[in-house]
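It should be emphasised that the depicted structure is a prediction, and the values quoted were computed from it without experimental measurement. Read the numbers this way: they start at 1 and go in the same order the structure lists the ligands and their atoms.
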Amino acid sequence: MKKALITGINGQDGAYLAKHLIDQGYKVIGADRRRVDSLSWRLKRLGVDDEVEHIYLDLLEFSNIFSVIRKHQPTEIYNLGAQSFVAASFDQPILTADIDAIGPLRILEAIRVIDPSIKFYQASTSEMFGLVTSSPQSEETAFYPRSPYGVAKLYAHWIVKNYRESYGIYACSGILFNHESPFRGLEFVTKKITNHVAKMHLGNKTPLVLGNLDAKRDWGFAADYIEGMHLMLQQEQADDYVLATGTSKSIREFVEMSFNFINKEVRWEGEGVNEKGFDAKTNEILVEVSKEFFRPAEVHELKGDYSKAQKELGWQPKTDLKKLVGLMMEYDIERQKEEVKLV
Ligand code: NAP
Ligand code: G4F
């Protein structure tokens with residue numbers, strides 16, 4: 001029986017991947033740094049929490065990683081655990097580097113010593129392209145990270161390649177562009193938007209406050225992307241792959257799509273931090289801009305070229321942005337209704 005160890009099991013991707021692998025007949029060992037019941041809400045919502053064997057694993061602690069791998073003998077390890085919020089990496093750059101750069105190295109060292117036949121997936125990111133040098137970005141595009149998070153992930157990306165070339169370990173990096181879902185963390189902009197718009201739909205009058213509305217991202221659906229992660233570990237040879245949709249939209253457009261879902265049209269007025277979004281019919285203020293949510297250095301535009309993954313893995317995205325916004329809005333409206341009932 002195939003046995004997968006997933007770090008970051010309680011995160012967005014960890015939960016979707018656990019469900020996918022369990023459906024494929026895998027035994028899943030779910031690793032996270034804390035074992036608090038409420039943290040596995042995503043696994044519970046997907047109906048697989050009881051099938052996951054939960055264990056403690058902190059990416060900061062080598063002896064912990066080493067003994068977990070030695071004891072459980074996984075056939076595949078998916079390293080999804082990370083300090084994954086770019087904005088926080090400016091406040092906690094050293095912690096971010098320790099978890100996101102040295103964390104994967106700790107796992108690779110344990111694999112090298114315990115059993116080099118264990119396959120390894122590393123969660124690389126389009127954030128490594130940063131100040132992009134060409135568009136769309138593929139596996140061949142030069143990296144130029146713009147955040148401590150991006151720099152840490154780039155170290156991890158290269159050490160994966162190095163362990164593959166030096167020790168023949170089957171180690172892959174998936175360079176994934178932004179992927180969202182109803183289970184996205186509230187700190188990320190898409191979920192912050194859909195969650196707030198859902199509240200406004202149910203009567204809340206507080207405007208949504210955002211930072212840079214002009215940044216553009218290539219947003220896909222997380223449930224599509226985790227299938228690509230799995231495929232990467234089933235090939236003849238380990239390699240790195242971009243997963244993306246090939247389309248790029250601004251935060252402003254994502255806001256408009258979310259309000260459109262509740263039949264509101266946004267009219268924009270002003271510039272920079274003085275810009276506001278109004279309800280085109282009622283003139284009610286829907287959106288404001290605050291300096292608080294701008295970053296010291298921004299990634300202005302990302303757009304991925306997933307043709308290598310399509311050709312070699314047979315992978316392609318199945319969910320367009322309109323459908324994704326709809327999934328997130330529906331979920332958030334229902335969840336807000338549940339919360340209102342509980343009060
Ligand atoms: P997420 O929801 O933030 O999940 C990350 C998980 O990592 C959380 O469960 C977190 O646990 C755990 N973690 C944090 N520090 C840890 C540590 N020291 N030891 C062990 N676990 C730790 O992230 P995601 O969106 O699912 O993303 C999964 C991975 O893909 C991450 O590595 C992310 O950087 C990368 N990635 C994501 C995207 C995207 O658009 N979603 C795109 C490219 C790459 P706590 O709950 O305790 O914090
Ligand atoms: O949703 P975000 O925080 O995602 P970001 O920075 O692109 O990072 C995500 O995707 C990466 C892949 O490229 C992952 F590696 C990473 O782990 C994470 O999942 O911000 C998206 C954009 C940024 O340009 C930000 O400046 O939205 C802009 N933004 C504008 N207002 C905001 C806000 N972001 C957040 N979080 N909150 C705002 O109020």
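- In terms of protein heavy atoms, atom 6 (C) of ligand 1 is closest to G8 CA, 3.7 Å.
- A cation-pi geometry, defined here as NZ or CZ lying under 6.0 Å from the six-membered ring centre and within 45° of its normal, does not hold between K264 and F259.
- Counting heavy atoms closer than 4.0 Å to ligand 1, residue Y149 contributes side-chain atoms (C-beta onward) but none from N, CA, C or O.
- Proximity of a side-chain donor or acceptor of D224 to a complementary backbone N or O of T319 within less than 3.5 Å is detected.
- Scanning the protein heavy atoms around atom 18 (N) of ligand 1, the nearest turns out to be D58 OD1, 2.9 Å.
- In this structure a side-chain-to-backbone donor-acceptor pair under 3.5 Å is present from S248 to L302.
- Here's the thing with R42: none of its N/O atoms is less than 3.5 angstrom from an N/O atom of ligand 1.
- In S124, the part holding a heavy atom less than 4.0 Å from any atom of ligand 1 is the backbone.
- At a heavy-atom cutoff of 4.0 Å, ligand 1 is contacted by the side chain of K153 but not by its backbone.
- Between H179, Q83, M128, it is H179 that holds the heavy atom closest to atom 39 (C) of ligand 1.
- When the heavy atoms of A222, A244, S84 are ranked by distance to atom 23 (O) of ligand 1, first place goes to S84.
- Applying the under-4.5 Å side-chain rule to Ile, Leu, Val, Met, Phe, Trp and Tyr, the cluster around V209 extends to F293.
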Check: How far apart are the C-alpha atoms of E76 and Y26, what are their side-chain angles, what is the distance that settles it, and do they pass the side chain to side chain donor-acceptor pair (under 3.5 Å) test?
Finding: CA-CA 10 Å; E76 296 173 10; Y26 277 70; 2.8 Å; yes

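- Around atom 27 (O) of ligand 1, the closest heavy atom drawn from T7, D13, L57 belongs to D13.
- In the hydrophobic clustering, where aliphatic and aromatic side chains (Ile, Leu, Val, Met, Phe, Trp, Tyr) are joined below 4.5 Å either directly or transitively, F90 groups with V86, Y149.
- For R34, a nitrogen or oxygen atom sits less than 3.5 Å from a nitrogen or oxygen atom of ligand 1, counting backbone and side chain alike.
- Of the heavy atoms in I99, only side-chain atoms (C-beta onward) come closer than 4.0 Å to ligand 1.
- The ligand atoms of ligand 1 that sit less than 4.0 angstrom from a heavy atom of A123 are 29 (C), 30 (O), 32 (O), 35 (C).
- Here the protein heavy atom with the shortest distance to atom 43 (C) of ligand 1 is L176 O, 3.1 Å.
- Ligand 1 places these atoms under 4.0 Å from at least one heavy atom of N10: 9 (O).
- The single protein non-hydrogen atom nearest to atom 14 (C) of ligand 1 is A82 O, 3.2 Å, given as residue, atom name and distance.
- In the hydrophobic clustering (ILVMFWY side chains linked at under 4.5 Å, chained through shared members), F188 is joined by F85.
- Between R335 and E330 no salt bridge is recorded (no basic side-chain N to carboxylate O distance below 4.0 Å).
- Regarding atom 48 (O) of ligand 1, its nearest protein heavy-atom neighbour is R33 NH2, 2.7 Å.
- Of the N or O atoms in L59, one or more lie within a sub-3.5 Å distance of an N or O in ligand 1.
- Counting only distance, with no hydrogens or angles, the side chain of R42 and the backbone of F183 share a donor-acceptor pair below 3.5 Å.
- Below 3.5 Å of separation, one finds an N or O of G11 facing an N or O of ligand 1.
- A donor-acceptor pair under 3.5 Å is formed between the side chain of Q234 and the backbone N or O of H230.
- The closest protein non-hydrogen atom to atom 11 (O) of ligand 1 is D32 OD1, 3.2 Å.
- Between L80 and ligand 1, at least one N/O pair is under 3.5 Å apart.
- By the 6.0 Å and 45° rule, R112 stacks over the aromatic ring of Y167.
- The atoms of ligand 1 that sit less than 4.0 Å from any heavy atom of N178 are 40 (O).
- Considering only non-hydrogen protein atoms, atom 2 (O) of ligand 1 sits nearest to Q12 N, 3.1 Å.
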Next item on the list: Evaluate side chain to side chain donor-acceptor pair (under 3.5 Å) for S173 paired with Q122, printing each intermediate quantity in order.
Entry: CA-CA 5 Å; S173 290; Q122 167 61 16; over 6 Å; no

Notebook entry, point to check: Going through the checks in order, is the side-chain contact (heavy atoms from CB on, under 4.5 Å) test met by L43 and N10?
Noted result: CA-CA 7 Å; L43 291 163; N10 291 321; 3.6 Å; yes

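- Around ligand 2 you find S84, F85, V86, T125, S126, E127, Y149, N178, R184, E187, F188, V189, K192, L210, G211, N212, A215, R217, I251, F293, R295, E298, L302, each with a heavy-atom distance below 4.0 Å.
- Salt bridge E187/K192: absent, no basic N to carboxylate O contact under 4.0 Å.
- K44 has a carboxylate O that lies under 4.0 Å from a charged side-chain N of D37, or vice versa, which qualifies the two as a salt bridge.
- Salt bridge K281/E265: absent, no basic N to carboxylate O contact under 4.0 Å.
- Nearest to atom 41 (N) of ligand 1 by heavy atom, out of M229, R184, E180, is R184.
- In this structure, the side chain of H196 engages the main chain of T206 through a donor-acceptor pair within 3.5 Å.
- Numbered from 1 in the order shown, with element, the atoms of ligand 1 that lie under 4.0 Å from a heavy atom of T125 read 43 (C), 44 (C).
- Residues R267 and E284 are not paired through a salt bridge, judged by the lack of any N-O separation under 4.0 Å between the basic side chain and the carboxylate.
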